[in-house]
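Single-structure report; data block below.
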There are 2 protein chains.
Amino acid sequence: MASIKDVAAEAGVSVATVSRVLNDHPSVSADARARVLAAVEALGYRPNAVARSLRTDQTRTLGLVISDVMNPYFTTLARSVEEEARALGYSVVIGNADERPDLQDHHVRTLLDRRIDGLLVSPTDGGSPLMLDTARGGTPMVFVDRWIPGVDVPVVRADGRAAVRDLVSHLYGLGHRRLAIIAGPAATTTGSERVEAFREALAEYGLPLPDAYTGQGDFQAESGRRVTDAFLDLAEPPEVVFAADNLMALGALDAVRARGMRVPQDIALAAFDDIPWFVHTDPPVTAIAQPTGELGRAAVRALVDMIEGRPPQSVTLAAHLVVRRSCGQPAPTPSEQPPATNRSLS
Amino acid sequence: MASIKDVAAEAGVSVATVSRVLNDHPSVSADARARVLAAVEALGYRPNAVARSLRTDQTRTLGLVISDVMNPYFTTLARSVEEEARALGYSVVIGNADERPDLQDHHVRTLLDRRIDGLLVSPTDGGSPLMLDTARGGTPMVFVDRWIPGVDVPVVRADGRAAVRDLVSHLYGLGHRRLAIIAGPAATTTGSERVEAFREALAEYGLPLPDAYTGQGDFQAESGRRVTDAFLDLAEPPEVVFAADNLMALGALDAVRARGMRVPQDIALAAFDDIPWFVHTDPPVTAIAQPTGELGRAAVRALVDMIEGRPPQSVTLAAHLVVRRSCGQPAPTPSEQPPATNRSLS
DNA sequence: GTCAGTCGTGTAAACGATTCCACACGACTA
DNA sequence: TAGTCGTGTGGAATCGTTTACACGACTGAC
């Protein structure tokens with residue numbers, strides 16, 4: 001593969017001049033510029049990004065460590081992150097932690113070794129030593145969706161508090177009184193916050209949230225299945241199950257179906273995180289939708305601000321309730337017609 | 001950030017010795033090794049992968065260019081690719097082409113500039129000049145899922161021919177005679193092959209595939225919606241719509257629902273690519289399942305073989321039909337109980 | 001006609017690693 | 001005792017860039 005030296009030789013100039021042309025530095029004669037450009041064309045030369053990064057100490061690359069690629073929420077997030085980064089002249093390297101702290105650390109370490117310019121993380125846990133060191137250690141870093149308390153890093157996230165209150169109000173209005181939740185890992189902020197918001201909202205209606213009605217999940221489908229099974233085995237099962245993410249909702253749906261029971265007749269279901277498929281499940285699932293695309297874009301902007309020496313902004317956006325039929329109410333058909341299935345949620 | 005020089009100074013040895021310890025080269029005394037390791041520990045030193053890559057001319061990184069991150073099929077593929085690559089000591093950088101040839105080229109170029117060791121591609125089109133040059137130009141490359149005919153690059157893919165025949169047989173058995181297909185872009189192999197297989201299977205049953213019944217989609221939900229709408233507007237609409245991928249099936253579902261019609265009573269639906277959500281849609285969707293995970297793993301193995309100088313193997317695996325209720329038959333309930341929603345399809 | 005300032009260019013020093021080569025030092029062997 | 005060999009080590013070149021610095025040629029002001 002042709003190097004800058006070959007181009008210099010071909011154009012009859014020094015490598016410095018070639019480099020100047022490539023980075024369009026002003027002081028290059030029109031003649032030299034033309035010759036270099038011709039040589040570049042002739043040789044099909046492309047600058048070696050590795051060498052360039054070594055010299056300039058910047059890679060124009062952002063790392064994004066997400067908790068689970070199989071989760072449509074994170075997939076949407078990744079997509080918007082890449083889009084915004086590309087618009088800003090950066091590329092993105094994604095690491096999938098699969099909700100495993102060890103894998104998360106693996107990716108963070110690999111990305112750091114690669115000398116990425118900045119890191120976007122949606123932590124799977126309360127923060128490994130590596131993560132904490134990285135945050136303190138000067139690497140530009142932004143938390144997105146989930147964050148780690150006590151660490152001085154900008155956070156871009158959605159606040160679901162109001163939407164959860166709306167959900168509880170909706171459920172209460174339908175006559176439900178025994179409400180259960182499938183929580184995410186307590187070590188994640190989204191895991192604990194959603195339970196907290198749910199508990200507070202219930203309290204406003206004078207409803208309790210007994211321990212038996214808070215199942216511990218891990219944001220993956222299997223755990224939703226397991227927890228729902230346990231709920232269904234109770235002497236007095238809940239009337240509603242609220243899954244703290246869409247994958248656990250899917251698991252819950254599995255568990256209910258496996259018993260030959262029906263949603264919402266036998267048990268109601270709601271989920272955090274709306275996704276296109278929820279429109280077409282049986283029944284369509286009532287969910288809390290996050291402005292995922294905007295979250296991703298805002299996170300990239302904050303990170304790039306940090307990298308380029310501008311003060312970064314933490315951002316909190318509102319989530320909102322989307323009512324469908326999984327909690328018992330007939331769908332308000334007009335609003336449910338043909339929502340743009342794919343992109344509309346972002 | 002500490003460099004190898006700092007470590008050398010701290011340990012009181014030369015950088016050469018540090019490097020030898022790091023790459024566990026045999027000829028280093030136990031004493032020197034211990035001192036270096038201690039210095040590494042003390043300084044929290046991590047080798048700079050950029051510098052290392054420049055010198056060794058390898059990045060231990062694979063590029064994966066997929067057609068659409070929002071498509072669960074590719075998401076599953078990406079996951080298995082990363083897993084296998086990690087097991088083999090490589091990392092993966094994903095580029096999402098969003099079914100756009102220009103974006104695909106953008107990612108290929110970026111990855112090449114980064115000097116990745118090898119490229120895994122699922123091409124969105126018939127091959128841009130860049131793609132063709134890259135393939136011929138000696139960069140280790142493997143096509144996965146889709147490929148470009150006439151290019152001498154190993155291909156790892158699934159053959160859906162038999163499964164499509166099974167599907168048509170299933171549909172014929174249910175009494176359906178007017179079958180339509182939402183095709184993918186003709187420039188992609190999966191786009192044209194699936195139509196071909198469908199047409200051949202129909203021929204075996206003496207059924208035609210009129211032009212009016214072959215709609216042109218682009219593997220995205222919106223096109224499925226549009227094509228289905230057109231089908232439904234025909235004087236004699238088809239009895240079955242077969243979508244060449246899961247996203248277009250989702251769009252088809254949208255279109256049908258928007259008219260207040262029902263699947264399968266008013267029109268039947270089947271899809272290529274099975275995904276966990278199809279179990280829970282209304283109705284559960286009959287689909288052709290690919291061994292996606294195995295595809296990803298085989299592709300990585302082929303690519304790494306190529307990179308490391310071993311002869312790579314093209315691989316073709318079989319897809320199979322999964323019957324659910326969207327074509328009219330009551331589900332064979334036992335097999336449909338609680339299939340592991342998330343991982344089982346890979 | 002001299003001097004200061006531009007302008008375009010090239011030389012060479014980095015960046016942080018790996019690795020070839022030479023060499024010092026003991027321990028053998030002859 | 002002298003020569004040979006093996007072992008561990010360091011010096012220095014190298015990978016492909018960018019960029020500080022120096023330099024020669026020209027311009028315009030005095």
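Just so we're on the same page: letters track the sequence lines, and every chain starts at 1.
- Side-chain atoms of A:Arg115 come within 3.5 Å of backbone atoms of A:Leu112 as a donor-acceptor pair (strictly under, hydrogens ignored).
- Residue A:Ser53 has no polar side-chain atom (N or O) positioned under 4.0 Å from OP1 or OP2 of C:dC15.
- In the model, B:Ser67 has a side-chain atom that pairs as donor or acceptor with a side-chain atom of B:Arg146 under 3.5 Å.
- When each of B:Ser29 and B:Val15 is assigned the nucleotide of DNA chain D with its nearest heavy atom, B:Ser29 is the one assigned upstream, toward the 5' end.
- The interatomic distance linking B:Arg35 (CZ) with D:dG8 (P) rounds to 14 Å, in whole Å.
- Between the CD atom of B:Gln58 and the P atom of C:dT18 there is a distance of 11 Å, given to the nearest Å.
- Of the candidates D:dT18, C:dT9, C:dT18, the closest approach to any side-chain atom of B:Arg55 belongs to C:dT18.
- Among C:dT9, D:dT17, C:dA17, the nucleotide with an atom closest to any side-chain atom of B:Pro47 is C:dA17.
- B:Ile4 places its CD1 atom 11 Å from the P atom of C:dG16, with the value rounded to the nearest Å.
- Distance alone, capped at 3.5 Å, places no donor-acceptor pair between the B:Arg157 side chain and the B:Leu317 backbone.
- Here the P atom of nucleotide C:dC15 and the CE atom of B:Met1 are 16 Å apart, to the nearest Å.
- A:His25 places its NE2 atom 9 Å from the C1' atom of D:dT19, with the value rounded to the nearest Å.
- Considering only the side chain of B:Asn23, C:dT18 comes nearest among C:dG10, D:dG16, C:dT18.
- As judged by a 4.0 angstrom heavy-atom cut-off over every strand, B:Val18 is placed among residues making no nucleic acid contact.
- Put simply, CG on B:Asn48 is 18 Å from P on D:dC15, counting in whole angstrom units.
- Of the candidates C:dT19, D:dT9, D:dG16, the closest approach to any side-chain atom of A:Leu54 belongs to D:dG16.
- Phosphate proximity of D:dT17 to A:Lys5: absent, as no side-chain N or O sits under 4.0 Å from OP1 or OP2.
- Checking C:dA17, D:dG10, D:dA12 against the side-chain heavy atoms of B:Val13 singles out D:dG10 as nearest.
- Using modelled atom types and a 3.5 Å distance limit, the side chains of B:Ser91 and A:Arg114 yield a donor-acceptor pair.
- Taking 4.0 Å as the cut-off between side-chain N and carboxylate O, B:Asp98 and A:Arg79 count as a salt-bridged pair.
- Map A:Gly12 and B:Ala49 each onto its nearest nucleotide of DNA chain C; the residue landing nearer the 5' end is A:Gly12.
- At the phosphate of C:dT18, OP1 or OP2 sits under 4.0 Å from a side-chain N or O atom of B:Arg52.
- Note: CG (B:Asp113) to C1' (D:dG16) measures 13 Å, nearest angstrom.
- Residue-level contact check: A:Ser27 touches the bases, meaning some heavy atom is under 4.0 Å from a base atom.
- A:Leu22 places its CG atom 7 Å from the P atom of D:dT18, with the value rounded to the nearest Å.
- The listed nucleotides are C:dA17, D:dT17, C:dT11; the one nearest the side chain of B:Ser3 is C:dA17.
- Note on B:Arg301 versus B:Glu294: salt bridge recorded, some NZ/NE/NH1/NH2 to OD/OE distance being below 4.0 Å.
- For A:Ser14 and C:dT9, the shortest distance from a side-chain N or O to OP1 or OP2 is not below 4.0 Å.
- Contact annotation: side chain of B:Arg20 to base of D:dG10, donor-acceptor pair present below 3.5 Å.
- Nearest-nucleotide mapping onto DNA chain D: of A:Tyr45 and B:Asp31, the residue sitting toward the 5' end is B:Asp31.
- Checking D:dG10, C:dG16, D:dT18 against the side-chain heavy atoms of B:Ala16 singles out D:dG10 as nearest.
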